[in-house]
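The structure under discussion appears below in the form of structure tokens.
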Amino acid sequence: MKQPNILFLLADDMGHWAMRNAGNTDIHTPNLDRLAQRGVKFDNFFCASPVCSPARASILTGTMPSCHGILDWLDGGSMDRASLSRESLEYMPHETIPIQYTDHLTAYTDILASGGYRCALSGKWHMGDSMTPQHGFSHWYTIGGGGVRYFNPETIEDGVLSEKEGYITDLIGENALECLDRFSKEDAPFYLSVHFTAPHSPWEETDHKKEYLDLYRDCDFNATPDLPYHPWQVFTCPHGQGERRKELLRGYYAAITAMDHQIRRLMDRLDELGIADDTIVIFTSDNGMNLGQHGIWGKGNGTFPQNMYDSSVKVPFIASWPGHFAKGAVCSELFSHYDILPTLCHLAGCPVNTKQEIPGHSFARWLEDPELESSRPVVVFDEYGPVRMIRDKEWKLVLRYPYGPNEFYHLTEDPDETENLFHDPAQEERIVAMRRQMEEWFLRYSDPDLDARKEGVTGTGQYCRAGSRAHLLEKYGPMPRPVKNE
């Protein structure tokens with residue numbers, strides 16, 4: 001069978017709840033809804049870490065942060081300090097030298113490139129050394145670090161950093177369209193990663209296009225809860241109540257709708273080029289997001305200590321391939337981002353040959369038959385610094401090493417995770433069994449030298465390599481301070 005093309009669409013900080021097809025009646029996502037109608041939407045898909053850089057590296061390498069070594073969002077190692085302008089240094093103050101953090105591992109793009117694929121990146125990288133194409137990519141259009149202005153951003157193309165006029169979501173979309181036009185004329189299959197910066201903050205009125213902001217001008221924003229701040233909420237994340245809450249939600253939703261518009265252009269171009277039936281389209285987000293859920297504004301590091309609520313770790317996931325995947329279907333089985341590597345290799349007909357042992361399993365069969373029952377006990381794992389999670393369909397255990405506080409939730413009876421049963425004597429046996437399962441799993445799939453529990457991960461950034469390969473004494477940002485409830 002002919003190898004399919006792959007169009008991989010990745011949002012930044014988009015909660016699983018932030019689509020109309022997920023039940024959010026406030027938001028406008030007609031093209032993500034259209035993609036879901038064409039393919040399979042997964043209701044229980046999870047990131048491997050509820051923050052940007054570790055989550056992205058887990059997608060790429062099929063491993064956990066304690067294996068790939070990116071343990072927090074990267075605040076260093078992306079750029080050569082000498083190449084940065086004074087303005088860039090203001091928002092990238094910890095840059096010293098470029099670091100290719102995942103050079104000791106195999107990425108699925110390495111495997112695809114070896115299997116005959118042309119691999120291209122249009123959009124955010126944020127896994128170190130943004131100037132240099134890595135892991136089989138032959139086209140490289142990205143940004144310097146993790147964040148960028150929405151208007152007139154600095155982008156990198158062919159190793160050159162320059163300011164571009166326009167809106168970053170449009171610029172990423174336009175570059176991706178150019179890739180599709182070029183690849184459609186070639187014989188080789190292509191893999192195109194389109195990594196939007198949307199809907200990551202900032203969400204101010206001046207940061208987004210009026211045409212999208214105006215869609216939410218009169219919105220009451222009833223689809224997200226309006227709760228008092230969580231006691232662990234940190235001030236480093238944008239947060240708001242009253243009218244400020246509506247302003248931030250308006251910007252967040254506008255960013256998503258602008259991205260949705262670019263997704264329409266990409267899907268339409270596949271149709272125009274006559275390659276839609278030959279192309280797998282996947283949409284997901286690097287991590288979840290709270291915009292009021294649990295009283296939190298932010299993802300895993302929206303609180304300190306870091307949180308593992310489903311709103312932080314559950315992500316949207318939609319996949320379409322006409323004539324091959326189910327159409328207009330919903331899958332309720334549990335899968336994780338570390339399952340993507342074996343799945344894409346399976347679909348591309350490329351043997352999974354990696355330097356690292358990978359924990360994931362291909363879910364290709366569920367793309368064809370979403371109601372298929374799993375023959376193995378399905379659990380998912382997450383980690384962020386000293387916080388680890390194990391979750392199945394019914395129960396969730398969150399451990400914060402070494403002192404806690406720890407959490408245990410009965411998800412089928414308490415889906416909003418409001419009643420912590422960790423100290424309930426009736427749950428002791430179940431907690432011990434799940435803890436043992438989690439410990440054994442991490443012993444098998446993590447690198448002791450990169451164990452995130454031994455590092456000073458605070459949620460405020462990582463500056464260089466972790467473990468014994470670190471070249472600085474201070475590797476992580478300062479301890480965050482929670483806000484006071486107002």
Considering all heavy atoms, the nearest [X]-[Y] contact:
| X | Y | value |
| --- | --- | --- |
| Ile111 | Leu341 | CD1-CD2, 4.4 Å |
| Gly166 | Pro153 | O-CD, 3.6 Å |
| Val387 | Gln306 | CG2-O, 3.9 Å |
| Val378 | Leu334 | CG1-O, 3.2 Å |
| Met308 | Tyr384 | CE-N, 3.5 Å |
| Pro189 | Asn5 | CA-OD1, 3.4 Å |

Answer yes or no: is there a side-chain heavy-atom contact under 4.5 Å between [X] and [Y]?
| X | Y | value |
| --- | --- | --- |
| Leu9 | Leu266 | yes |
| Tyr309 | Lys314 | no |
| Met127 | Gln134 | no |
| Arg469 | Leu450 | yes |
| Asp75 | Tyr476 | no |
| His104 | Asp447 | no |
| Arg400 | Asn406 | yes |
| Phe304 | Trp232 | no |

Counting distance only, does the side-chain N/O of [X] pair as donor-acceptor with the main-chain N or O of [Y] below 3.5 Å?
| X | Y | value |
| --- | --- | --- |
| Asp207 | Glu204 | yes |
| Arg81 | Pro93 | yes |
| Glu368 | His324 | no |
| Thr460 | Pro478 | yes |
| His195 | Lys124 | yes |
| Thr106 | Lys355 | yes |
| Asn287 | Val313 | no |

So does [X] pair up with [Y], basic N to acidic O under 4.0 Å?
| X | Y | value |
| --- | --- | --- |
| Arg391 | Asp310 | yes |
| Arg56 | Asp12 | yes |
| Arg388 | Glu383 | yes |
| Lys164 | Asp170 | no |
| Asp382 | Lys396 | no |

Single hit among Asp110, Leu112, Ile6 for side-chain contact (heavy atoms from CB on, under 4.5 Å) with Cys119: Leu112
Could you state the interatomic distance from [atom1] ([X]) to [atom2] ([Y]), rounded to the nearest 0.5 Å?
| X | Y | atom1 | atom2 | answer |
| --- | --- | --- | --- | --- |
| Trp125 | Ser53 | CH2 | OG | 10.5 Å |
| Arg38 | Ile318 | CZ | CD1 | 12.0 Å |
| His16 | Ser311 | NE2 | OG | 7.5 Å |
| Asp271 | Asp277 | CG | CG | 8.5 Å |
| Asp449 | Cys67 | CG | SG | 11.5 Å |
| Gln233 | His239 | CD | NE2 | 6.0 Å |

Under 3.5 Å side-chain donor-acceptor pair for [X] and [Y]:
| X | Y | answer |
| --- | --- | --- |
| His361 | Asp339 | no |
| Ser312 | Asn290 | yes |
| Glu474 | Tyr463 | no |
| His68 | Ser58 | yes |

Asp80 vs Met131, side chain to side chain contact (heavy atoms under 4.5 Å, CB included): CA-CA, chis, key distance, verdict: CA-CA 9 Å; Asp80 185 337; Met131 298 295 292; over 6 Å; no
Has [X] got more than 12 heavy atoms of other residues, nucleotides or ligands less than 6.0 Å from its [atom1]?
| X | atom1 | result |
| --- | --- | --- |
| Glu165 | CD | no |
| Glu439 | CD | yes |
| His346 | NE2 | no |
| Asn353 | CG | no |

Would you please indicate yes or no on a ring centroid separation below 6.0 angstrom for [Y] and [X]?
| X | Y | answer |
| --- | --- | --- |
| Tyr191 | Tyr117 | no |
| Phe42 | Trp366 | no |
| His208 | Tyr150 | yes |
| Phe363 | Phe45 | yes |

Run the side chain to side chain contact (heavy atoms under 4.5 Å, CB included) test on Leu248 and Leu291 for me, step by step, so that the C-alpha distance in whole Å, both residues' side-chain angles and the decisive distance to 0.1 Å come before the verdict. CA-CA 9 Å; Leu248 294 173; Leu291 290 187; over 6 Å; no
Between Asp260 and Asn31, does the side-chain hydrogen bond (donor to acceptor under 3.5 Å, both in side chains) criterion hold? Intermediate values first, please. CA-CA 6 Å; Asp260 186 86; Asn31 300 293; 2.7 Å; yes
Would you check, one step at a time, whether the test side chain to side chain contact (heavy atoms under 4.5 Å, CB included) holds for Leu10 with Ile59? CA-CA 10 Å; Leu10 186 67; Ile59 293 172; 4.1 Å; yes
Can you tell me how the ring of Trp73 sits relative to the ring of His126, calling it parallel under 30°, perpendicular over 60° and tilted otherwise?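 Ring orientation, 0 to 90° scale: tilted.
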For His230 and Trp297: C-alpha separation, side-chain torsions, deciding distance, then whether side chain to side chain contact (heavy atoms under 4.5 Å, CB included) applies. CA-CA 9 Å; His230 192 285; Trp297 288 75; over 6 Å; no
Worked check of salt bridge (charged side-chain N to carboxylate O under 4.0 Å, His left out) between Glu272 and Arg269: CA-CA 5 Å; Glu272 293 164 6; Arg269 188 62 59 88; 3.2 Å; yes
Would Arg34 and Asp268 satisfy salt bridge (charged side-chain N to carboxylate O under 4.0 Å, His left out), going step by step from the backbone distance to the final call? CA-CA 11 Å; Arg34 170 184 165 203; Asp268 287 350; 2.9 Å; yes
